[in-house]
Amino acid sequence: PAQATIASWYDCMTPGQCSKSKRTASGERFNPNALTAAHRSLPFGTKVRVTYKGKSVIVRINDRGPFIKGRHIDLSRAAARKIGCKGVCKVSIKVIN
């Protein structure tokens with residue numbers, strides 16, 4: 001079943017944070033244009049459907065976070081844009097694999 005939760009999105013705050021040396025917790029290079037997300041406990045590679053106001057996106061977990069109380073998933077810039085999430089959003093998430 002889908003779980004209601006709070007999502008935020010993360011991006012490069014400065015150009016240096018998006019350099020080729022910036023890696024996610026899984027070891028991948030961070031790509032704000034990929035449909036990926038950070039979650040505290042789901043295994044890397046898990047695919048999750050995130051729905052916001054009737055729009056859905058499937059993301060792959062490749063990082064850890066968010067580390068702000070009350071938030072449960074951090075979306076990449078591309079994933080957040082795809083569903084229209086600007087900042088912090090109430091979403092539903094469902095693991096699909």
To the nearest 0.5 Å, what is the distance between [atom1] on [X] and [atom2] on [Y]?
X: Y52; Y: C89; atom1: OH; atom2: SG; value: 4.0 Å
X: K55; Y: C85; atom1: NZ; atom2: SG; value: 11.5 Å
X: Q3; Y: I93; atom1: CD; atom2: CD1; value: 4.5 Å

- prompt: Of V59, I58, V57, which is the lone residue that meets side chain to side chain contact (heavy atoms under 4.5 Å, CB included) with R49?
  reply: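 Passing option: I58.
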
query: Step by step, would you call T46 with N97 a side chain to side chain contact (heavy atoms under 4.5 Å, CB included)?
result: CA-CA 6 Å; T46 300; N97 79 332; 3.9 Å; yes

field: Backbone N/O of F30 and side chain of R23: donor-acceptor pair under 3.5 Å
entry: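 Not a single qualifying donor-acceptor pair exists.
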
What are the two closest heavy atoms between [X] and [Y], and how far apart are they?
X: S56; Y: I83; result: C-CG2, 3.6 Å
X: I61; Y: L42; result: CG2-O, 3.9 Å
X: A34; Y: A78; result: O-CB, 3.8 Å
X: A38; Y: P66; result: O-CD, 4.1 Å

- prompt: Given K90 and I6, is the side chain to side chain contact (heavy atoms under 4.5 Å, CB included) satisfied, shown in steps?
  reply: CA-CA 5 Å; K90 291 182 181 180; I6 302 294; 3.6 Å; yes

task: Show the numbers, then the answer: is there a side chain to side chain contact (heavy atoms under 4.5 Å, CB included) between R77 and N33?
output: CA-CA 6 Å; R77 176 180 62 198; N33 299 313; 2.8 Å; yes

- request: Compare all side-chain heavy atoms of T24 with those of N31 and state whether any distance is below 4.5 angstrom.
  value: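 Not touching, per the 4.5 Å side-chain cut-off.
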
- request: Applying side chain to side chain contact (heavy atoms under 4.5 Å, CB included), run through L75 and V91 and close with a yes or a no.
  value: CA-CA 11 Å; L75 305 173; V91 300; 5.5 Å; no

- prompt: With sequence neighbours left out, which residue pairs that include part of residues 57-74 fulfil the side-chain hydrogen bond (donor to acceptor under 3.5 Å, both in side chains) condition?
  reply: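 Matches after skipping sequence neighbours: T5-H72, S8-D74, E28-R60, E28-N62.
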
